> 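The structure follows.
All residue numbers in this chain count up from 1 along the given sequence. In this text, all values refer to a predicted model and were calculated from it rather than measured experimentally.
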Amino acid sequence: MKKYLKTDEWNIIEDSFQADRMRWSESIFSLGNGRFGQRGYFEEPYSSDSYRGAFVAGITFLDKTRVGWWKNGFPRFYTRIPNAPDWSRISLRLIDEELDLAQWDVDSFNRRLDMKAGISYRDAEVTSPRGNKLRLHVEHITDMAHPNLCLIKYSVTSVNYTGKISLVPTFDGDIVNQAEHPDEKIWNILRSGTTSDCAYLWTQTRREDAQICYAMTYRFFKNNKETFANPIRIEKEKQTGFSVGVEVKPDDTVTLIKYIAIASSLYYERQDLIEASVSEARSTGWDVLVQEHRQAWQEIWDETDVIIEGDPEAQQGIRYNIFQLYQTYRGDDPRLNIGPKGFTGEKYGGNTYWNTELCCVPFFLLSTPKKIAENLLMYRYKQLPKAIENARKLGFDNGAALFPQVTSNGEECHSEWEITFEEIHRNNMIVYAILQHSTLTGTLDYIARYGLEVMIAISRFWSQRVSFSQPKQQYVILGVTGPNEYENNVDNNWYTNYSCMRCLRTTLSFLEIIARQYPDEYARIRRITRLNYTEESERWRDIIERIYLPEDPERGIFVQNDGYMDKVLQSADAIPDGERPINQYWSWDRILRSCYIKQGDVLLGLYLYYFNFDRETIRRNFEFYEPMTVHESSLSPHIHSILAARIGKVEKAYQLFLHATRLDLDDYNNEGDQGLHITSMPGSWLAIVRGFAGLQILNDTLKIEPVIPEKWSSYSFKVNYLGNTLHIQVSKEIKISLTAGSQLNIQVYQNVYELRQGLALTVNLKDLS
């Protein structure tokens, strides 16, 4: 854990220049708007260590799989997000010097990310090798109101310099991918050029997968007065733009506003890309655009903000996580999903993982009335044919589906056998997310039209993946990797077996419900899936009744998998601090032989299916497994925080919540230079709502059992349920009001209350708990 940043409830502040952690800072100050995004690198060139990463949503690069030990079933190709041409470049030149903070003296430095407004600010005082002193002020906006626009205001004030200052806004298409193949060129330049007021760069990925056109206009000011300096056009093969300059003396300020438009072939016909980007780059002006951008962010915060009183670090962390998630995903296009690094790095190829269904879908369902979560579910539904094809490659038939561990277009992109073939529990998260949608929205429409097809295909996979053990006279699942990836190729992972049972039971339940309530849709589904209800349902019920779920009756716990209890069981406290995280210091063999758990496994099942387990069962399993969990996955701390809060371990829950909330801000896992953990960020919001507030749905009733960390004086948030929006505030009292909707029953601990709009409910927390 590293404490580099200042604590501020609405801002991320870096108040000194430290070149040795540049890549981490670039990750932290990343900007995006759901259509495109970039790491927080400097606009001007920087000759020392830096990762100038910029990415456009939905634009992928098809590459050949490179793996030494080939296994049948590995993907021949995989998709990854390419590092896009640099659209933010603005160089600063004096008569015979060019600004480079790696070579100039940095006399003062401050960078601030205003999360409330979505604006990045950078201020610095610098001295050139020749002794010329300048003050810099930069404002950078990735426009949330106009998703094709990026705005940069770059100002320079002379302290002691007399002469010409030139600002050079350009596009740079000479880009390589940083992550896996740094020498590989991704982009071909189809056309570039300038007009009197605009420059453009039309690009295409080398394999012709996609095209993007970048266009820009600019405005130039001296001492706040627009100046029409004669620009020098820059028209190189891979670089296009302008150079504009004026003579200055000390105290003079020159400012350039760069308006950038980015249009991709995901949204425009390829022949229209230049016209579309150029048209949008000719913008309506800085002040209007900034106001509309601020308003877009205000609407997001009105829905999703969490207010924590008494703990500025927690307040800053939760807002940062919400901010970065919304910078990554807008929720208006079912062709898009959320990569684990978002727009902050190339690791994981920008592909989709089951993180989305575990963290992002529940967050969007609970935090906003918009149909964002439904678009994430539609993403999976549209890829169902590919999931069936993926299963067929592995030997499954009859329409069985295995959704990929890693994907962009529905095809599996992962080529590590212990994950690709064995981490099959990922199928469960698709069904879980569909069920969450129905539970929290109160509608069956999505399941009837789309979700049930997915459930049937996944149930067919489980039906074929189990084996019947003659000695046990039960169904077992062999050769798997559970959520704890620090154990591979194990038998009878409890979470996987239990998930199989839950998926089959959920599918059977909704087959009956849809048959009654949506008979036409039910007939359509049976026809297109060729469902043999009598035969298939009989087998599914048999698996449900006879699935093997390993237990240790003496300890009263579920056993993670066969053989786990044979290990040397000891707390993670036994690991020397200098060997954490163990995935960066230990051999893989040593990790696999140890008892240490990467992330929640048994405990993940107790979190997802809380309604089936009493508090004492959760407590016993938590007290056994959590001490051996090293939390080296971003998906781990928030799950454990929620469970700890539910069993009354509030201080433990708080520490795990801070881990989840400030994972990136404090670089817990020593990997911040690679990018942020975007898809786990909503877990910190869930840790408040489902953990400290204890939100559960039991017997079709919304229930809360709030607790409050000792450090907090209060916390509040909004939550959506069955088309209603509730505002919940917890302090010594619980205050609940219905801000949208007409009537709703809510259970607070053991008491049920009726909520009506306009009438706030106040109850004493001490009396209830």
Side-chain angles (χ1 to χ4, degrees), residues 1-5 12-32 37-55 80-93 97-113 120 122-129 136 138 140 152 154 168 170 172-187 238-239 324 341-350 581 584-585 663-678:
M1 184 171 62
K2 306 175 182 68
K3 294 287 186 182
Y4 288 136
L5 303 168
I12 306 299
I13 301 170
E14 184 180 46
D15 59 1
S16 65
F17 178 71
Q18 298 186 41
D20 59 345
R21 55 183 176 89
M22 180 60 66
R23 290 190 178 221
W24 175 81
S25 295
E26 289 171 344
S27 295
I28 292 295
F29 287 89
S30 296
L31 292 172
Q38 63 192 113
R39 291 168 55 79
Y41 53 83
F42 299 152
E43 288 74 15
E44 68 274 0
Y46 181 76
S47 60
S48 189
D49 186 50
S50 175
Y51 176 8
R52 300 182 75 91
F55 310 96
R80 54 190 171 92
I81 186 171
N83 193 356
D86 184 357
W87 60 74
S88 295
R89 180 70 63 99
I90 301 175
S91 300
L92 165 59
R93 295 171 183 169
E97 295 181 293
E98 182 173 11
L99 176 64
D100 180 351
L101 295 192
Q103 305 297 327
W104 291 32
D105 291 334
V106 181
D107 304 317
S108 67
F109 182 90
N110 182 277
R111 181 156 42 174
R112 178 170 67 91
L113 181 57
S120 175
R122 178 163 61 101
D123 290 278
E125 292 192 7
V126 297
T127 303
S128 76
L136 309 178
V138 184
H140 197 134
I152 304 172
Y154 198 105
V168 187
T170 57
D172 184 2
D174 190 17
I175 298 297
V176 298
N177 269 32
Q178 293 271 349
E180 296 183 22
H181 311 293
D183 298 325
E184 185 177 55
K185 300 286 185 177
I186 297 295
W187 298 97
K238 294 186 177 181
Q239 191 178 70
Q324 286 294 351
K341 295 295 179 187
F343 299 126
T344 72
E346 297 165 52
K347 190 177 181 181
Y348 308 116
Q584 296 178 19
Y585 294 96
L663 177 69
D664 291 307
L665 289 178
D666 295 336
D667 199 12
Y668 270 76
N669 287 351
N670 195 32
E671 57 185 14
D673 59 321
Q674 301 172 11
L676 306 176
H677 297 84
I678 300 295

> Taking all atoms of both residues into account, what is the closest heavy-atom pair of Ile175 and Asn83, and its distance?
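Between these two residues, the closest heavy atoms are CG2-O, 3.4 Å.
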> Taking only residues two or more places apart in sequence or in another chain, which ones pass side-chain contact (heavy atoms from CB on, under 4.5 Å) with Ser91?
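Partners of Ser91 by the side-chain contact (heavy atoms from CB on, under 4.5 Å) criterion, ordered by chain and then number, come out as Pro45, Arg89, Arg93, Glu98, Val168.
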> Test side-chain contact (heavy atoms from CB on, under 4.5 Å) on Glu97 and Trp104 and set out the steps.
CA-CA 10 Å; Glu97 295 181 293; Trp104 291 32; 4.1 Å; yes
> Atom OH in Tyr348, atom CD1 in Ile81: separation rounded to 0.5 Å?
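Spacing of OH (Tyr348) from CD1 (Ile81) equals 15.0 Å.
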> Enter the distance from Gln674:CD to Tyr51:OH here, rounded to the nearest 0.5 Å.
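Nearest 0.5 Å value for the CD-OH distance: 9.5 Å.
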> With distance as the sole test, does Asp174 use its side chain to make a donor-acceptor pair with the main-chain N or O of Lys238 at under 3.5 Å?
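Answer holds: no.
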> Minimum heavy-atom separation for Leu92 to Tyr154, with atom names?
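The answer is CB-OH, 4.2 Å.
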> How many angstroms lie between atom OG1 of Thr344 and atom CG of Leu31, to the nearest 0.5 angstrom?
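Result: 11.5 Å between the selected atoms.
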> Is Pro82 close to Trp187 at the side-chain level, that is, under 4.5 Å between some pair of heavy atoms?
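Counting from C-beta outward, Trp187 and Pro82 do come under 4.5 Å.
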> Using a distance-only test with no angle check, is there a side-chain donor-acceptor pair under 3.5 angstrom linking Glu26 and Ser50?
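Yes.
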> Rounded to the nearest 0.5 Å, how far does CD of Glu43 lie from CG of Leu136?
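Here the interatomic distance stands at 10.0 Å.
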> List in chain and number order the residues that pass side-chain hydrogen bond (donor to acceptor under 3.5 Å, both in side chains) with Tyr41, two or more places apart in sequence or in another chain; answer none if no residue qualifies.
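Tyr41 satisfies side-chain hydrogen bond (donor to acceptor under 3.5 Å, both in side chains) with Gln38, Asp86 once adjacent residues are dropped.
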> How long is the span from the OG atom in Ser88 to the NE2 atom in His140, to the nearest 0.5 Å?
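Result: 4.0 Å between the selected atoms.
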> To check you understand the geometry: which heavy-atom pair defines the closest contact between Ala124 and Phe109, and what is its length?
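Answer, listing the atom of Ala124 first, then Phe109: CB-CD1, 4.1 Å.
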> If I compare all heavy atoms of Gly675 with all of Lys341, which pair ends up nearest, and what's the gap?
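So the two residues come closest at O-NZ, 3.3 Å.
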> Looking at Asp664 and Trp24, what are the two nearest heavy atoms and their distance?
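Scanning both residues completely, I find the closest heavy atoms to be O-NE1, 3.4 Å.
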> Are side-chain heavy atoms of Ile28 and Leu676 found at a separation under 4.5 Å?
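Yes, side chains in contact.
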> Indicate the atoms forming the closest heavy-atom contact of Leu5 with Glu14, along with that distance.
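Answer, listing the atom of Leu5 first, then Glu14: CD2-CB, 4.2 Å.
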> To the nearest 0.5 angstrom, please state how far the CG atom of Asp123 sits from the CG atom of Asp15.
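Spacing of CG (Asp123) from CG (Asp15) equals 12.5 Å.
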> Residues in side-chain contact (heavy atoms from CB on, under 4.5 Å) with Ala102, at least two apart?
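Residues passing side-chain contact (heavy atoms from CB on, under 4.5 Å) with Ala102: Tyr46, Ser47, Ser48, Asp100.
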> From the options His677, Arg39, Met22, Glu671, select the one residue that forms a side chain to side chain contact (heavy atoms under 4.5 Å, CB included) with Ser27.
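Among the candidates, only Arg39 passes.
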